[in-house]
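The block underneath contains the structure these notes are about, expressed in structure tokens.
So that the names make sense, note that chain A is the first sequence line, chain B the second, and so on, each numbered from 1.
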Amino acid sequence: MDYQFKDIEQKWQQFWAENQTFKADNNSAKPKYYVLDMFPYPSGAGLHVGHPLGYIASDIFARYKRLRGFNVLHPMGYDSFGLPAEQYAIQTGQHPAITTETNIATYRRQLDQIGFSFDWSREVRTSSPDFYKWTQWIFMQLFNSWYNKTADKAESIDKLVAYFEKNGSSGINAVCDEDIKTFTAAEWKAMSNNDQQEELLKYRLTYLRESTVNWCAALGTVLANDEVKDGFSERGGYPVEQKKMMQWSMRITAYAERLLQGLDTIDWPEPLKEMQRNWIGKSVGASVKFPIEASPKSSPKERTSNETGNNSLSPGEGLGEAIEVFTTRVDTIFGVTFLVLAPEHELVPSLTTPEQKATVDAYIAQSKKKSELDRMADTKTVSGAFTGSYVVNPVNNERVPLYIADYVLAGYGTGAVMAVPSGDQRDYLFAKHFDLPIIPIIDIQKIETEADPTKEGTYINSDFMNGLNYKDGTAKVIEFLEGKGAGKAKVNFRMRDAIFGRQRYWGEPVPVYFKDNLPHLIDEKDLPLLLPEIDKYLPTETGEPPLGRATGWNYKPHPNPPREGGLKEHVGAYRETADPVYYEQLKEFSRDNRKQPTEAENILWQLLRNNQTGFKIRRQHAIDQFIADFVSLEKGLVIELDGHHHKLNKEADDLRTEILNHLGFDVIRFSNDEVLKSPEKVADIIKQNLISLPERKKVSPTGGDLEGAAFEYELSTMPGWAGSSFYWYRYMDPKNDKEFASKKAIAYWKDVDLYIGGSEHATGHLLYSRFWNKFLKDMNLVVEEEPFKKLINQGMIQGRSNFVYRLIDDEGRGTNTFVSHGLIKQYKTYELHVDVNIVENDILDINKFKQWRDDFKDAEFILENGKYVCGVEIEKMSKSKFNVVNPDDLIAKYGADTLRMYEMFLGPLEQSKPWNTNGIEGVFKFLRKFWKLFHDEQFNFRVSEDAPTKAELKSLHKIIRKVEEDVDRFSFNTSVSSFMIAVNELTDLKCNKRAILQDLVIVLSSYAPHICEELWVLLGKEAGTLSYAAYPKFNPEYLVEDEFAYPISINGKMKMNLNISLSLDPPAIESTVIANADVQKYLDGKSPKKVIVVKGRIVNIVV
RNA sequence: GCUCGGGUGGUGGAACUGGUAGACACGCAGGACUUAAAAUCCUGUUCGCCUUAAAGCGAGUGCGGGUUCGAUUCCCGCCCCGAGUACCA
């Protein structure tokens, strides 16, 4: 039979699935090899031909490693939390879990038909509770840890507490917030528990703090720095503004240095490492304090210079009395002629003199108005304002005027710079603009037209530094500043702590509840904290995140220590945690209220009492800080009756409803009039409501009885990168419900040996993953410092768009006539994207075009040479450009083996390139040719048992070695070419010998697994054994030649080839060559000056 | 601006540590088979010149220079394309 790829591929895909051929074993004597792909977000659009590129490469590699005797872990899963499913949910009301499920099914189908050797028994999904349980668990470990700089690792927060108890805060060397308190051991012990918790939060590796965040109103969420590009959201391109919000953050900055150093130990593409280095942004310099001149309100003129000296504060006296700057050129400090603060700097208001207030306020207002983008685009215009205040230069006690300007960024360093106009171009321009002095401080500096940042030469105008060079000068000035307490050497990082909350629904809930406004972890036993159901995927009316809509979603802390005894246990739990005095008061109010019901209340009560609705209803019942008119605790329904005055009170009522919602109650309201008019109708509505409501899930403890206040959960969810920051460990032991992966599994698989994915994750996923990995290492939960030893970025596959050209008539309207690309210069036309699937080799299929869209039904064409030629452009592959090529179509036409090989054949894996289907025929022909080697003219399987010839063995062993070399350096495209060469050679040799073909099947099987499995069985082997066959051993003897056709060049120009025995030495070769008649002809009587002979390579004659 | 990639036929691309530039494939042209088409097979295909032909000559890896017997490969300067990043003090 001819090559029937459809049957063959289906058959083997089914076989692999049924026999779990690629299931990896956690117990194996074989060496391990972990090949990982960046798992996809399952989007609604499905896969296009760009997606599988990396998967094919990693699959070839994984299959190859199996042949080489490795125990290969090659899993796949889905990063299935994320925005698109949620946006879709907002538009359609479809639950994101359903959308996600559907999309995953499509992905799975598409992946399966490409024939990947994934171990599907290990599939993970970040959105499934048994996965995100561990995301939450790791979050808890981070919360329970702090970073000990002395030990240079994360440690348990208990250790910090123990230290505080013993030594107070002195001597602690931690990565923490800036506003930490200093206290003694006794003071610590005297603190209330809440105060202690508040202080500890400043040390925890994940913490809650008011931070400036990137707020994207359109998406309704904050975004991480890496999710913002040029002031717009990376997803969707919506504007992003800076906003202060209470936010969860991860103290990734604790790991800045280790993240930087680790880059030198891993085999990653240099550009990617460079991106991470830039992102971390380490700069070595010094921090210097410039004391603020006393009494900024008095006019500077009133003081003498003598006073200035006296008034200068001794540095380091405390915050607010000096301005701290960070500089990488502390050696230029004698050139400081002004200081500049960011307009947002917190000291600006207090340092602005009354005379300057109007100017400063105007400037701040103006710079606030400028969008982030304007601010970046407009780097030429100099702008700023004088505050009226002065600071003192600590090295020479000179008065230095203090300005604000938006070229200083609040977010970097201290938000303040010491300006040295002679050395910094921005400072130079600023000084020119405001007519400030420019002092040269290095002898060779040239500052007539611009700043000169040179480090060469020696210092001038620099007092004690005069005459010194850069290195000595820097050391000297730091020594001076340290002696005076005015500064010290400092390393600064650009990287900020990562914001860890999103005001979104479709993400991991944060396992935290609030008590007295302080966050507390839920009990580990209560993991996973499930994502609750909500009615709409939108923020609440009060602007809370969508989780605020969840009813009955509250945390009940476990009594501590646990006690037996039903209700009383819960009462006790509440009493420990809530304000008992207030609650008692509330209960009294309730009792009073019950005695004095309004008319409406009374009428309704008669219809609700004694389970008349089928449910127990209480009246005037205290819940949290409120008293509900009526309530069913069982169903969580609060019924409120509003008098007229309530209308005036709408805001307070809404708030109350909101809080009750948080506590798990639905609220329905009736007016007194409604009840008085038809009480039965109201009672019936209440009954219907009760029936339709589900049971309240969480029964919350309160005082008097079981119901009432419980603790609110955190309402943000985790960001998209949470689950992907450890998922590679979960694959090692995906079903484990005791640990995220067992110690044993981690000890065996250790880390990822090869990781393939796109470079778009450079500063997001790949940085966060390294951070979590280092943390897990510190906690002794994993064994390697770096998670991904070797990483390869596959290039982007761009789309190749085709265009047709529509003729424009005299009135400028589009006609229904289309002009071929070669002729468009002679006509007035405009271009239209045309579906690339109805274009072949840039020739439009006119019939398909007419069917493509209704309005083209009667299209006419102006052709060239009888054909309609389309225009071409390289663009991003996207639906709207009609240039998406779907792998399904190609598989249907050519099969998966052809697609796999063609994607590799396209060019080097790491290079970006446009997709072009033009060459795919060649690969398909190759596979048919390969198939034919095993078959006779009538397609009967026929393999000879004869001994192979030397030429056949040579072809085989060439390819054996080539594939070894190519796979090792991830050069898959060159292997494909070599396979073609091998098959061409064997076809020419008419080789159908088992001794050759059987090995060839093994070698090719990682690239084209289906056809090889089929031939393997035809060769009489057991089905399924090919994947674990031994890769043929390369024997160099088969490649040894007796002769070599030496290229003979004269003065470096190749003239001819000469067959010479390889046994000859260079001198013998030389004489053979010179003696040759043809060579003599070229020499034309001249005698050679010099002859270079490289054995087995070349002969070059110089004349 | 800075950092990192990359410029090779009509196209995708190959060429190991400096040693026959253009492998392999697409496309194109011509031919065979066929009533015809598809499929398949064969031949040619860097450019220019010369030639009936065989053959020959010259140029050529973005541009200009250098090192070398010999450079797509190494060095210097420049141009262009792509990616990342940006008042980072």
Could you tell me how far [M] sits from [N] if I compare only their [atom1] atoms? Round to whole Å.
N: B/C42; M: B/C4; atom1: C1'; value: 48 Å
N: B/U72; M: B/A21; atom1: P; value: 9 Å
N: B/C74; M: B/C57; atom1: P; value: 31 Å
N: B/C75; M: B/U67; atom1: P; value: 16 Å
N: B/G56; M: B/G62; atom1: P; value: 28 Å
N: B/U11; M: B/C16; atom1: C1'; value: 26 Å
N: B/C79; M: B/G58; atom1: C1'; value: 27 Å
N: B/G13; M: B/C26; atom1: C1'; value: 11 Å

Hey, what do you get for CD1 (A/I280) to CZ (A/R494), rounding to the nearest 0.5 Å?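 Taking CD1 in A/I280 and CZ in A/R494, the distance rounds to 10.5 Å.
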Spacing of A/D1078 atom CG and A/I1048 atom CD1 [to the nearest 0.5 Å]: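 Output value for this atom pair is 10.5 Å.
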NA contact type, [X], heavy-atom cut-off 4.0 Å: base, sugar-phosphate, or nothing?
X: A/M1054; answer: base
X: A/K925; answer: sugar-phosphate
X: A/D427; answer: nothing

Name the closest nucleotide to the [X] side chain, picking from [options].
X: A/I981; options: B/A86, B/A89, B/A23; answer: B/A23
X: A/N984; options: B/C24, B/A89, B/C69; answer: B/C24
X: A/R928; options: B/A39, B/U85, B/C87; answer: B/A39
X: A/N1057; options: B/U20, B/A89, B/U17; answer: B/U20
X: A/I1092; options: B/A25, B/A89, B/C69; answer: B/C69
X: A/I1098; options: B/A89, B/G19, B/A23; answer: B/G19

In whole angstroms, how far is the [atom2] atom of [N] from the [atom1] atom of [X]?
X: A/E937; N: B/C33; atom1: CD; atom2: C1'; result: 14 Å
X: A/R277; N: B/G84; atom1: CZ; atom2: C1'; result: 14 Å
X: A/W931; N: B/U40; atom1: CH2; atom2: C1'; result: 18 Å
X: A/I1048; N: B/G70; atom1: CD1; atom2: C1'; result: 14 Å
X: A/D424; N: B/A86; atom1: CG; atom2: C1'; result: 14 Å
X: A/M901; N: B/C26; atom1: CE; atom2: C1'; result: 16 Å
X: A/D966; N: B/C24; atom1: CG; atom2: P; result: 16 Å
X: A/K1055; N: B/G70; atom1: NZ; atom2: P; result: 14 Å

Are A/F926 and A/W931 an aromatic pair by the rule of ring centers under 6.0 Å?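 Between A/F926 and A/W931, the centre distance exceeds or equals 6.0 Å.
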Kindly say whether the aromatic ring centers of A/Y407 and A/F430 come within a distance under 6.0 Å.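 Yes - the distance between ring centres of A/Y407 and A/F430 falls below the 6.0 Å cut-off.
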N/O donor-acceptor pair, side chain A/N918 with base B/C26, under 3.5 angstrom: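 It does not, because no donor-acceptor pair links the side chain of A/N918 to the base of B/C26 below 3.5 Å.
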With under 30° as parallel and over 60° as perpendicular, where do the rings of A/F979 and A/Y1007 fit, or are they tilted in between?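 Geometry flag for A/Y1007 against A/F979: perpendicular rings.
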Which word best sums up how the rings of A/F905 and A/Y902 line up, parallel for under 30°, tilted for 30 to 60°, or perpendicular for over 60°?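 Rings of A/F905 and A/Y902: tilted, 30 to 60°.
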Does A/Q445 reach the main-chain N or O of A/S422 with its side chain, forming a donor-acceptor pair under 3.5 Å?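 Yes: the side chain of A/Q445 pairs with the backbone of A/S422.
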Say whether, by atom type as modelled, one donor and one acceptor occur between the side chain of A/D966 and the main chain of A/S975 under 3.5 angstrom.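 Indeed, once roles are kept as given, a pair shorter than 3.5 Å links the two residues.
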Can you check whether A/R494 has a side-chain N or O nearer than 4.0 Å to OP1 or OP2 of B/U85?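 No, A/R494 has no side-chain N/O under 4.0 Å of OP1/OP2 on B/U85.
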Treat a base pair as Watson-Crick or G-U wobble with both distances under 3.5 Å, then lay out RNA chain B in dot-bracket form, 5' to 3', with | for cross-strand pairs. (((((((..(((......[....)))((((((.......))))))((((......))))..(((((..]....))))))))))))....
Could you check whether [X] pairs with [Y] (Lys NZ or Arg NE/NH1/NH2 to Asp/Glu carboxylate O, under 4.0 Å)?
X: A/K932; Y: A/D2; result: no
X: A/K1090; Y: A/E1070; result: no
X: A/E964; Y: A/R961; result: no
X: A/K954; Y: A/E985; result: no

Is B/G9 syn or anti, taking syn as a glycosidic angle within 90° of 0?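 It is syn.
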Taking the nucleotide of RNA chain B with the nearest heavy atom to each, does A/S759 or A/V1094 sit closer to the 5' end?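 Nearest nucleotide further toward 5': that of A/V1094.
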Find which nucleotide of RNA chain B each of A/F1044 and A/I1101 is nearest to by heavy atoms, and output the residue with the more 5' nucleotide.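 Nearest nucleotide further toward 5': that of A/F1044.
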Reading nucleotides 1-14 of chain B from the 5' end, what letters show protein touch, with B for base, S for backbone sugar-phosphate only, - for no heavy atom under 4.0 Å? --SS-------BSS
